[in-house]
Amino acid sequence: MIDLKLVQKQPEVLAKALADRHSDLCVDQFLELDARRRALLTEVEELKSRRNAASGEVAACKREGRDATTLLQELGTLSERIKALDTETVTAKAAVEEWLMRVPNLPDASVPVGRDESENVEIARHGQPRVFDFPVQEHGELGTALGGLDFVRAARLTGSRFAILQGWAARLDRALVNFFLDQHTRHADYQEVCPPYMVNRSSMTGTGQLPKFEEDLFKLSDWDYYLIPTAEVPLTNLHASEVLNEADLPRGYCAATPCFRSEAGSAGKDTRGLIRMHQFTKVEMVRFAHPDDSFNQLEIMTGHARRLLELLELPYRVITLCTGDMGFGAAKTYDIEVWLPAQNTYREISSCSNCTDFQARRADIRYKPKGGKSGFVHTLNGSGLPTGRAMAAILENGQQKDGSIVLPVALRPYLGGLEVIEPC
RNA sequence: GGAGGGGUAGCGAAGCGGCCGUAACGCGCUCGACUCGAAAUCGAGUUACCGGUGAUGAGCCGGUACGUGGGUUCGAAUCCCACCCCCUCCGCCA
């Protein structure tokens, strides 16, 4: 949620941000809603002030044994008017809140303004895409031929956009999880967490999935619980309604969890392979930062994700998402894209965002400086990394003419020293 | 699922219809005194949010908040109802 004060005091700033994001929300319309809310509040508060004063008098009368009949009659009417006005005020407040909940975060000044993904800006590149002297195969074919992936049975078992990993693939998935978590906990400052994979409505609202993006989620039918689309949700909500000590910032958490996404609206996209699944495993990084430090922390966290790709010997590039392509809660996002030879292009494998105080305000996550006034922390999240897309990249980039896969050196200790995945 | 206990400021905890929400008491935190300095001790201060005013500051005025939502009442932390969460015991269970 953005700051109501900011909308009131500098509506033009929000209007510009909304225009940059190509949102159709109307600021002027909102200001009218808010003006109405404030007018009602002023009116009802004045009445309440009178009621409080008169109630005090009633108490005094009772104490001194005086008659309070006239006062009580007057108070009766007053209370009825207050009750009616209160109802209106609640409605007006709800309208304001509902609108605010649908407003995306303000893009940071450093974010390029643009319409869609075509206007994202590449800022770094690492590694050279390998030159192949044989026709490259895509990872789905490779993995299936090597006996590790089974999309046919998965479709029968459940449906489309599911995969079965077996044998070396199941083990590789587990190896990637362990490798990523070890890096984050041993070579960075993240604390490992195993959170619930279902969360309640309030948590989903806290991180911004609700109320706007309900159709992207899987919801349980008899419970008001949702399957998490990313560990960002439980990790960020870890400190919901809490006040952290300023000295505890920055603080990082990581978790490997399954992620569940309905992929509504992406019918026909990435229908082959592991790129777009209803269920996938991802290691997520979340950081809580001091507002003055959060953009620095974004660079640090993006570095953590990049390092994983470097250790896996995978070529990648980093892009800054433009205003039109950025997610709802982000003020700034770096996408890391890994080279996929079969698609002859870079594909997103990690998204690292600074959500500034947007989620913190929704989830009520504050920090308190020693002796100072508390404020909202800044929250950051980044993938580090999803195992499915990582596996896809490893298979495609490591493929040999005979269909075998040479594994990255850093991963071999996690696979009992295995160097090459051979055809069965 | 059954029985009981509980949810009050950063934390612990008292209050159980108006004199108790700038919320007793304790801890913590801030400032001061004592001290060469520190500890100990002593003193003072320290809830959040919303509205009005003001400069998006300070201050002042007002309102709201005792798990959440309703109800009773002129008035609710306090009484009633529903729900959520935590603890203890019983049942069931990987």
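Below, chain A is the first sequence line, B the second, and so on; all start at residue 1.
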Give a yes/no on whether any side-chain N or O of A:Arg38 is located under 4.0 angstrom from OP1 or OP2 of B:C50.
no
Take the protein atom CG of A:Asp86 and the nucleotide atom P of B:G75, then report the distance between them rounded to whole Å.
12 Å
Of the listed nucleotides B:G10, B:U56, B:U64, the one nearest the side chain of A:Arg51:
B:U64
Rounded to whole angstrom, note down the C1' distance from B:G67 over to B:U73.
23 Å
Distance check, C1' atoms only: B:A40 and B:C50, in whole angstrom units.
44 Å
P atoms of B:G57 and B:G5, separation to the nearest Å:
48 Å
Report the base-pairing partner of B:G37 (Watson-Crick or G-U wobble, both distances below 3.5 angstrom), or none.
none
Considering only the C1' atoms, how many Å lie between B:A82 and B:C92, rounded to the nearest integer?
27 Å
Write down the partner of B:A65 under the Watson-Crick or G-U wobble criteria, each distance required to be under 3.5 Å.
B:U47
If B:A77 has a Watson-Crick or G-U wobble mate with both distances under 3.5 Å, name it; if not, just say none.
none
Separation of B:G10 P from A:Arg366 CZ (nearest whole Å):
6 Å
Whole angstrom value for the distance that separates C1' of B:U30 from NZ of A:Lys368
10 Å
Does the side chain of A:Lys83 get closer than 4.0 angstrom to OP1 or OP2 of B:U72 through an N or O atom?
yes
Spell out yes or no: do the side chain of A:Glu45 and the base of B:U64 have one donor N/O and one acceptor N/O closer than 3.5 Å?
no
Tell me which nucleotide among B:G75, B:G62, B:G51 gets nearest to the side chain of A:Ser49.
B:G62
Of A:Val90 and A:Leu41, the one whose nearest nucleotide on RNA chain B sits closer to the 5' end is A:Leu41
Find the partner of B:G91: check Watson-Crick (N1-N3 plus N6-O4 or O6-N4) and G-U wobble (N1-O2, O6-N3) distances, both under 3.5 Å, and reply none if neither fits.
none
Scan every strand shown for a Watson-Crick or G-U wobble partner of B:A14, both distances under 3.5 Å, and answer none if you come up empty.
none
Does a salt bridge link A:Asp270 with A:Arg161, judged by any charged N lying under 4.0 Å from a carboxylate O?
no
Is there a Watson-Crick or G-U wobble partner for B:C19 with both distances under 3.5 Å, and which nucleotide is it?
none
Can you tell me how far P of B:C50 sits from CG of A:Leu85, to the nearest Å?
21 Å
Could you walk me through whether A:Asn200 and A:Tyr226 satisfy the side chain to side chain donor-acceptor pair (under 3.5 Å) test, starting with their C-alpha distance in whole Å, then the side-chain angles of each, then the deciding distance to 0.1 Å, before giving a yes or no?
CA-CA 6 Å; A:Asn200 58 30; A:Tyr226 297 82; over 6 Å; no
Taking atom C1' in both B:G12 and B:C86, compute the distance separating them and give it to the nearest angstrom.
16 Å
Can you tell me, in whole Å, how much space there is between the C1' of B:G7 and that of B:G43?
35 Å
Just compare B:G51, B:G62, B:G75 and give me whichever is closest to any side-chain atom of A:Ser79.
B:G75
Write down the distance separating the P atoms in B:G18 and B:A76, rounded off to the nearest Å.
11 Å
Using Watson-Crick geometry (N1-N3 plus N6-O4 or O6-N4) or G-U wobble (N1-O2, O6-N3), each under 3.5 Å, B:U53 is paired with B:G59
Nearest listed nucleotide, side chain of A:Lys9, among B:G52, B:U56, B:G62
B:U56
Is there a donor-acceptor contact under 3.5 Å from the side chain of A:Arg261 to the main chain of A:Asp216?
no
Hey, what's the ring geometry for A:Tyr414 with A:Phe179, parallel, tilted or perpendicular (30° and 60° as the breaks)?
perpendicular
When rounded to whole Å, the CG to C1' distance for the pair A:Asn237 and B:C85 reads 16 Å
Given B:U56, B:U64, B:G51, which nucleotide is nearest the side-chain atoms of A:Gln10?
B:U56
A:Lys5 has an atom NZ; how far is it from atom P of B:G54, in whole Å?
15 Å
Please give the nucleotide sitting opposite B:C42 as a Watson-Crick or G-U wobble pair, both distances under 3.5 Å, or none.
B:G32
B:A9 versus B:G26 - spacing of their C1' atoms, nearest Å
14 Å
Atom-to-atom span, CZ of A:Arg37 to P of B:C50 - whole angstrom
9 Å
Using whole Å, what does the distance between atom C1' of nucleotide B:U73 and atom CD of A:Glu80 come to?
13 Å
Regarding A:Glu45 and A:Thr42, do their side chains bring together a donor and an acceptor under 3.5 Å, going by distance alone?
no
Among A:His239, A:Glu192, A:Glu284, A:Gln191, side chain to side chain donor-acceptor pair (under 3.5 Å) partner for A:Tyr253
A:His239
From the options A:Arg251, A:Arg287, A:His304, select the one residue that forms a side chain to side chain donor-acceptor pair (under 3.5 Å) with A:Asp189.
A:Arg287
